[in-house]
Student: 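If you scroll down you'll find the structure; I have some questions about it.
Each chain gets a letter, A, B and so on, in the order the sequences are listed, and its residues count up from 1.
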Amino acid sequence: MAEKPRWFQTTAIDYPNSRPHIGTAFEKVGADVQARYRRMEGYEVFFLMGNDENTLKVADRAKELGEEPQAYCDRMAGEFQQVWQALDISYDVFIQTSHERHKQCCRKFIQKVYDNGYITKGSYEGWYCPGCEEFKSDKVHADNAGQCPNHKRPLVRRSEPCYYFKLSAFQDRLLKHLKENPEFVQPESRRNEMIGFIEAEGLQDLNISRAGEEWGIRMPFDPAFTIYVWFDALLTYITGIGYGDDEALFRKNWPADVHFIGKDITRFHTHIWPAMLWAAGEEAPRQVFSHGFVTVDGSKMGKSMGNVKDPLEIIGKSNSDAYRYYFMRECPFPSDGDYSGQRYEEVYNTELANNFGNLFSRCVTLITKNYGGVLGGTAGRSPEAMPAESTAAGPAASDGQVRLIHLPSVINDVRSLLEGCQYNRAIISVVANILTPTNQYMEANAPWKLVKTDPGAAKRVLFNAVQSLRVASILLKPFIPRSAEAIYTSFNFPKPWAEVRYADAAELAAQPDDLRVTAELVDGKVKPLFPRIG
RNA sequence: GGCGGGGUAGCUCAGUGGUUAGAGCAAUCGCUUCAUAAGCGAUGGGUCGCCGGUUCAAACCCGGCCCCCGCUACCA
């Protein structure tokens with residue numbers, strides 16, 4: 001009966017035209033932090049990712065390389081997953097839209113929408129480029145004086161039969177849904193845009209078919225047409241959890257708790273996607289979170305700029321935790337952020353190496369050198385809260401007394417920031433409210449001096465300081481899983497690492513045994529967890 | 001053009017009416033040496049986009065202006 005709540009989340013599925021860069025990785029890391037946090041908090045998480053392969057561009061790229069489209073897609077799927085694994089992205093399933101299972105389930109969905117009367121045959125008229133073999137929008141036509149920007153040839157007016165999705169039928173319902181569910185589109189600014197769009201322009205029906213293409217999914221009710229790529233791409237989110245062939249799994253996981261996507265495709269997810277689902281008699285997802293983009297040294301990243309950054313290259317110079325920490329700490333997930341090699345070193349060295357890693361090292365060394373690695377007599381003793389000099393959290397000082405770190409407030413703060421995907425602020429909160437005050441506490445009490453005059457008092461100081469390491473490692477677990485584990489398991493804290501929750505961080509509970517160092521030591525010291533770089 | 005967001009220290013930002021406007025990083029100086037040449041402290045540095053108004057009091061409220069960014073449908 002105390003069944004675990006489930007948590008279903010997805011990332012956008014990517015075009016495998018080229019290898020993933022730090023922009024695509026930004027989304028996956030942000031999503032992974034959420035997945036890891038939810039697992040910690042007791043949710044049964046299902047985390048879906050995948051590649052979007054049924055587009056002509058993929059087929060073209062394969063041809064360019066002299067590969068069969070399918071072989072190319074499979075190879076790229078492997079390369080993508082190699083990067084995601086290097087970043088410790090804890091996805092549960094990776095969907096390839098070119099695989100037969102997805103296609104079959106996809107056809108079932110579209111057939112249902114067709115049967116429900118929301119797909120109708122019509123004709124599409126627009127500006128067509130014979131070179132590109134595709135229609136161009138009126139905007140492209142207007143911006144380029146009626147010429148194709150790629151081929152520099154005049155666009156021709158052309159009309160062809162097609163199938164329309166009756167998006168307009170859902171306009172009122174969608175507007176109501178957007179207004180009544182503030183959580184549905186996040187962040188707030190994107191929600192306003194999506195509401196504004198409908199209020200200003202309304203919704204028109206969409207052409208969801210393409211004629212005469214080899215690569216792609218055939219319309220079940222008219223094999224002369226393929227399904228336009230974005231329509232089947234969105235369906236990954238449900239075919240991946242069994243829509244069409246595993247009813248139980250699908251019912252268990254739908255609706256999705258959150259779709260993590262880039263801000264550029266917000267409209268697809270917040271207008272078209274809910275309408276598609278409604279047209280098939282399903283519920284809309286609970287939330288769509290549009291994250292920002294990453295720039296490189298202040299410039300937009302792109303092939304033409306020649307500044308596309310490969311995550312593996314950056315990891316190679318540091319490690320996956322450092323990579324995750326940088327982007328989550330430095331780039332606000334809901335907005336844009338910047339990557340620069342210099343800033344990367346700065347953040348790594350100041351916060352990970354100097355502030356966190358070094359605190360860990362000095363604690364371990366002091367305990368090992370002065371107490372043989374065991375703080376005798378601490379069994380059953382509760383740690384004391386330490387002063388919260390540099391923090392804004394905790395109860396306000398009303399009487400000039402020294403304020404102490406109030407763990408429950410800090411944890412609540414971090415927790416709500418994390419749940420709102422304000423990852424950078426969550427990390428900053430841990431540093432400011434836990435780590436920095438602990439370094440100050442060490443300085444103020446100088447256990448390395450105190451041990452000579454009052455070993456018992458010095459022991460108490462170290463005992464308290466180590467508690468900060470325990471708290472910080474728990475709070476940072478979703479961000480830097482490997483390092484957090486390494487720190488936590490360097491001491492004999494009673495609760496197994498796999499079972500720790502945020503609530504554990506909020507307590508300064510006594511432990512049954514004397515606190516001792518269990519880390520592997522070389523000459524009485526731990527190997528630096530974050531060796532300085534640069 | 002319309003709608004929305006924003007312009008605060010060299011950089012990234014916090015701060016929505018009330019003591020001399022804050023943090024982190026960067027810079028300079030000092031203390032310290034348990035620790036990953038790490039830590040702690042101090043200092044310098046801001047016309048809070050511009051102009052006007054409301055108020056005893058405005059970065060914060062109101063009006064005008066300047067600048068930047070996002071959205072403005074098939075670029076998945």
Student: Name the nucleic acid region contacted by A/S189, choosing base, sugar-phosphate or nothing; use a 4.0 angstrom heavy-atom cut-off, strictly under.
Tutor: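 Nothing, no heavy atom under 4.0 Å.
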
Student: Side chain of A/R210: nearest nucleotide among B/C75, B/A35, B/A76?
Tutor: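 The listed nucleotide nearest to A/R210's side chain is B/C75.
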
Student: Spell out yes or no: do the side chain of A/E443 and the base of B/G39 have one donor N/O and one acceptor N/O closer than 3.5 Å?
Tutor: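 Under the 3.5 Å cut-off, the side chain and the base do form a donor-acceptor pair.
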
Student: NA contact type, A/F530, heavy-atom cut-off 4.0 Å: base, sugar-phosphate, or nothing?
Tutor: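 Base contact.
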
Student: Taking donor-acceptor contacts at under 3.5 Å, does the side chain of A/N354 reach the base of B/A38?
Tutor: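 By the distance-only test, no, there is no pair.
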
Student: At 4.0 Å (heavy atoms only), tell me whether A/L529 reaches a base, stays on the sugar-phosphate, or touches nothing.
Tutor: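 It contacts base atoms.
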
Student: A/L203 or A/F356: which one's nearest nucleotide on RNA chain B is closer to the 5' end?
Tutor: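 Result of the comparison: A/F356.
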
Student: Using the P atom as the point on both nucleotides, what is the distance between B/U19 and B/C67, in whole Å?
Tutor: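 Here B/C67 and B/U19 have their P atoms 34 Å from each other.
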
Student: OP1, OP2 of B/C34 versus side-chain N and O of A/K369: anything below 4.0 Å?
Tutor: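 For A/K369, the contact criterion (side-chain N or O under 4.0 Å from OP1 or OP2 of B/C34) is not met.
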
Student: By nearest atom, which of the nucleotides B/A26, B/A76, B/A73 is closest to the A/E346 side chain?
Tutor: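 Per side-chain heavy atoms of A/E346, the pick is B/A26.
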
Student: Looking across every strand, which nucleic acid part, if any, lies under 4.0 Å from A/L234 by heavy atom: base, sugar-phosphate, or nothing?
Tutor: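 Result for A/L234 = base.
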
Student: Please report the distance separating the P of B/A37 from the corresponding atom of B/A23, rounded so that it comes out in whole Å.
Tutor: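 B/A37 and B/A23 have their P atoms separated by 28 Å.
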
Student: Remember a base hit wins even if backbone is also touched, and classify A/K527 as base, sugar-phosphate or nothing at under 4.0 Å, heavy atoms.
Tutor: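 Answer is nothing: A/K527 stays at 4.0 Å or more from every strand.
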
Student: Could you check whether A/K103 makes a cation-pi contact with A/W215, meaning its NZ or CZ is under 6.0 Å from the centre of the six-membered ring and within 45° of the ring axis?
Tutor: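 Relative to the ring axis of A/W215, which defines the angle, A/K103 lies inside both limits.
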
Student: Distance check, P atoms only: B/C62 and B/C71, in whole angstrom units.
Tutor: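 Roughly 27 Å separates the two P atoms.
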
Student: Identify all pairs in which a protein N or O lies below 3.5 Å from an N or O of nucleotides 21-23 of chain B, and state each distance.
Tutor:
none

Student: Please confirm whether A/H269 and A/Y237 have ring centers closer than 6.0 angstrom.
Tutor: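 For A/H269 and A/Y237, the ring centres are under 6.0 Å apart.
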
Student: Is there a donor in the side chain of A/S209 and an acceptor in the side chain of A/N207, or the other way round, less than 3.5 Å apart?
Tutor: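 Their side chains do contain a donor-acceptor pair, which is all the 3.5 Å distance test asks for.
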
Student: side-chain contact (heavy atoms from CB on, under 4.5 Å) with A/L206: which of A/Y124, A/W230, A/Y228?
Tutor: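 Result for side-chain contact (heavy atoms from CB on, under 4.5 Å) with A/L206: A/W230.
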
Student: Is the charged tip of A/R267 near the ring of A/F197: under 6.0 Å from the six-membered ring centre and within 45° of its axis?
Tutor: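 Cation-pi check for A/R267 and A/F197: passes.
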
Student: For A/G357, report the nucleic acid contact type (base, sugar-phosphate, nothing); a contact means any heavy atom under 4.0 Å.
Tutor: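 Result for A/G357 = base.
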
Student: Go through the side-chain N and O atoms of A/T11 and A/Y91 and say whether any donor and acceptor fall under 3.5 Å apart.
Tutor: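 No.
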
Student: Counting any heavy atom closer than 4.0 Å, what does A/A200 reach on the DNA or RNA strands: base, sugar-phosphate only, or nothing?
Tutor: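 If one applies the 4.0 Å heavy-atom cut-off, A/A200 turns out to touch nothing in the nucleic acid.
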
Student: Which whole number of Å gives the distance between the P atom of B/C40 and that of B/A21?
Tutor: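 That atom pair is separated by 26 Å.
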
Student: Count the heavy atoms of every other residue, nucleotide or ligand shown that sit under 6.0 Å from CZ of A/R482, and state whether that count exceeds 12.
Tutor: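 Incorrect, the count does not exceed 12.
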
Student: The side chain of A/S361 lies closest to which of these nucleotides: B/C74, B/C34, B/A35?
Tutor: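 Given the options B/C74, B/C34, B/A35, the side chain of A/S361 is closest to B/A35.
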
Student: What does A/N207 touch in the nucleic acid at a heavy-atom separation under 4.0 angstrom: a base, only the sugar-phosphate, or nothing?
Tutor: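 The answer is base, as A/N207 lies within the cut-off (heavy atoms under 4.0 Å) of a base atom.
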
Student: Would you mind telling me which of B/A76, B/U33, B/C74 lies closest to the side-chain atoms of A/Y15?
Tutor: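 Per side-chain heavy atoms of A/Y15, the pick is B/A76.
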
Student: Does A/R158 make a cation-pi contact with A/W127 (under 6.0 Å, within 45 degrees of the axis)?
Tutor: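 No, a cation-pi geometry is absent between A/R158 and A/W127.
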
